[in-house]
Amino acid sequence: MPSTKEIKNRIKSIRDTRKITNAMYLISSTKLRRAKNDLDTTRPYFTALQKEIKRIFRTAPNVDSKYFYPPEGSEKLKGTYGCLVISSDKGLAGAYNHNVLKKALEMIRSHTDTKLFVVGEYGRQFFVKHHIPIEESFLYPAQNPTMQRAREISVKLLERYDSGEFDKIFVIYTDMRNSLSEEAVASRLLPFHRNQFFPENDTDSHKVFEFTPSVETVLNSVIPSYITGFIYSALVDSFCSEQNARMTAMSAAGDNADKILSELNVQYNRVRQAAITREITEIASGAKAQKNNRKKR
């Protein structure tokens with residue numbers, strides 16, 4: 001049975017920990033609001049860019065581009081894959097990092113010729129610890145996604161793809177569908193399926209557009225901007241998911257701390273009451289013993 005002093009020390013320790021978890025919860029909620037605002041202000045541009053790519057395919061659905069799958073019947077793409085893995089810089093975010101790294105390991109097992117590009121110190125440390133080679137680790141803070149950093153990542157990936165070193169490029173990140181649901185996904189960045197931009201029921205396919213100097217040139221200049229936007233949205237989406245997961249983890253930690261404190265307070269009162277009862281019993285026994293001694297004398 002622990003003493004009252006030991007219980008009081010543990011209560012104090014848990015209260016201090018609860019203060020930290022509450023502070024982390026508030027910080028994560030603030031960062032989450034800011035990240036959502038950044039995503040909402042930039043998303044319309046890339047949505048419009050995707051619509052323009054769709055317009056190109058409405059006019060020229062059979063355009064030939066290196067960024068799209070070869071026609072049906074051609075040899076399947078089985079070469080080297082490039083994989084961008086987006087993790088966080090630190091833990092204390094529940095299963096956020098675990099789910100992303102699990103997706104990355106599944107891809108490596110299914111296709112051993114995969115080159116890893118990692119964002120986030122947690123992911124880098126994980127792969128180093130498990131002796132999994134990393135092609136390049138971007139030392140940007142995962143908690144500060146910017147368009148410039150997304151552009152630098154996309155340039156490096158596109159250089160390897162354009163040179164023929166990579167046949168496919170994937171992005172593994174966490175998609176926050178809503179405040180209650182988030183999922184680690186492996187999205188193929190390149191090449192595209194043509195039906196990804198060319199809908200089956202297209203009512204505007206009869207419209208004619210002119211492209212200068214050619215539709216291929218226009219498409220090749222638009223795709224890098226689209227890739228940059230996708231990577232930026234993945235970075236911001238992952239950051240939102242990280243903060244949401246940390247809020248959930250810190251909220252659960254605070255609830256557990258309150259539950260433990262309640263149990264410790266009950267235990268402290270019982271130990272304290274037992275000590276008081278024991279002292280009263282000892283005093284009463286001593287007084288009774290003295291009274292008996294006086295009677296004998």
Side-chain angles (χ1 to χ4, degrees), residues 14 16-36 38-39 81-111 114 116-134 137-145 149-150 153 169-189 230-261:
I14 293 176
D16 293 340
T17 302
R18 188 177 60 175
K19 291 179 182 179
I20 296 174
T21 58
N22 289 340
M24 293 182 67
Y25 178 88
L26 295 175
I27 293 172
S28 296
S29 63
T30 302
K31 290 182 178 180
L32 178 61
R33 286 194 297 269
R34 292 177 180 175
K36 281 185 175 180
D38 292 340
L39 187 62
Y81 292 178
C83 181
L84 176 65
V85 181
I86 303 176
S87 64
S88 67
D89 290 324
K90 55 186 178 181
L92 299 177
Y96 168 79
N97 288 296
H98 173 76
N99 293 335
V100 171
L101 298 175
K102 182 180 178 181
K103 278 284 184 183
L105 292 176
E106 290 176 356
M107 177 169 291
I108 294 173
R109 295 190 188 102
S110 62
H111 190 82
T114 300
L116 294 178
F117 296 80
V118 181
V119 174
E121 185 64 19
Y122 193 100
R124 189 185 74 82
Q125 292 291 345
F126 174 85
F127 291 121
V128 170
K129 180 180 179 180
H130 290 79
H131 307 288
I132 300 175
I134 299 175
S137 177
F138 298 102
L139 300 179
Y140 314 131
Q143 60 181 352
N144 187 23
R149 289 167 178 170
I153 295 173
I169 296 178
F170 291 85
V171 179
I172 298 179
Y173 68 103
T174 306
D175 180 25
M176 191 177 76
R177 304 182 186 279
N178 52 60
S179 59
L180 300 176
S181 174
E182 55 186 38
E183 181 184 5
V185 295
S187 178
R188 188 186 64 256
L189 193 58
F230 188 96
I231 292 177
Y232 175 72
S233 64
L235 290 171
V236 178
D237 202 0
S238 295
F239 180 67
C240 291
S241 300
E242 176 193 351
Q243 301 308 319
N244 187 62
R246 183 165 289 112
M247 287 173 58
T248 302
M250 294 301 103
S251 177
D255 294 340
N256 290 337
D258 291 337
K259 182 179 179 180
I260 295 174
L261 285 174

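This structure is a prediction, so every number in the text was calculated from the model and none was measured.
- A distance of 13.0 Å separates SG of C240 from CZ of R34, quoted to the nearest 0.5 Å.
- Residues satisfying the salt bridge (Lys or Arg N to Asp or Glu O under 4.0 Å) test with D258, not counting sequence neighbours, are R18.
- Here the straight-line distance linking atom CG of L116 with atom CD1 of I172 works out to 8.0 Å at 0.5 Å rounding.
- Note that the CD1 atom of I231 and the CG atom of L84 stand 6.0 Å from one another [nearest 0.5 Å].
- In this structure, CG in D237 is found 10.5 Å from CG in N244, a value given to the nearest 0.5 Å.
- For the salt bridge (Lys or Arg N to Asp or Glu O under 4.0 Å) test, no residue two or more places apart in sequence or in another chain qualifies with E106.
- Listed by chain and residue number, Q243 satisfy the side-chain hydrogen bond (donor to acceptor under 3.5 Å, both in side chains) test with S28 (two or more places apart in sequence, or in another chain).
- Distance CZ/F230 to OH/Y173: 4.5 Å, rounded to 0.5 Å.
- Nearest heavy atoms, I86 versus Y96: O-OH, 4.2 Å.
- The salt bridge (charged side-chain N to carboxylate O under 4.0 Å, His left out) pairs that include a residue from residues 92-101 number zero, where partners must be two or more places apart or lie in different chains.
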Residues R109, L105; criterion side-chain contact (heavy atoms from CB on, under 4.5 Å); working and verdict: CA-CA 6 Å; R109 295 190 188 102; L105 292 176; 3.7 Å; yes
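- For D175 (side chain) and A184 (main-chain N/O), no donor-acceptor pair under 3.5 Å exists by modelled atom type.
- Residue pairs meeting the salt bridge (charged side-chain N to carboxylate O under 4.0 Å, His left out) criterion with at least one partner in residues 244-253, sequence neighbours excluded, are E242-R246.
- If you take CD1 on I108 and SG on C83, they are separated by 7.0 Å, rounding to the nearest 0.5 Å.
- Taking every heavy atom of both residues into account, G123 and S87 meet most closely at N-OG, 3.0 Å.
- Between V119 and V85, every side-chain heavy-atom pair lies at or beyond the 4.5 Å cut-off.
- Heavy-atom minimum distance, S241 versus T174: OG-O, 3.2 Å.
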Any chance you could lay out the side-chain contact (heavy atoms from CB on, under 4.5 Å) test for I134 and R124, step after step, and finish with the verdict? CA-CA 8 Å; I134 299 175; R124 189 185 74 82; 4.0 Å; yes
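- Here the closest non-hydrogen pair linking S29 and L26 is OG-O, 2.6 Å.
- No donor-acceptor distance shorter than 3.5 angstrom exists from the side chain of S251 to the backbone of M247, with no hydrogens or angles considered.
- Using bins of under 30°, 30° to 60° and over 60° for the plane-to-plane angle, the ring pair Y81/H111 lands in the parallel bin.
- Scored by the ring pair (Phe, Tyr, Trp, His ring centres under 6.0 Å) test, Y122 finds no partners at all (sequence neighbours excluded).
- Listed for the T114 side chain is no donor-acceptor partner under 3.5 Å among the backbone atoms of G82.
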side-chain contact (heavy atoms from CB on, under 4.5 Å) assessment of F170 paired with M107: CA-CA 10 Å; F170 291 85; M107 177 169 291; 3.6 Å; yes
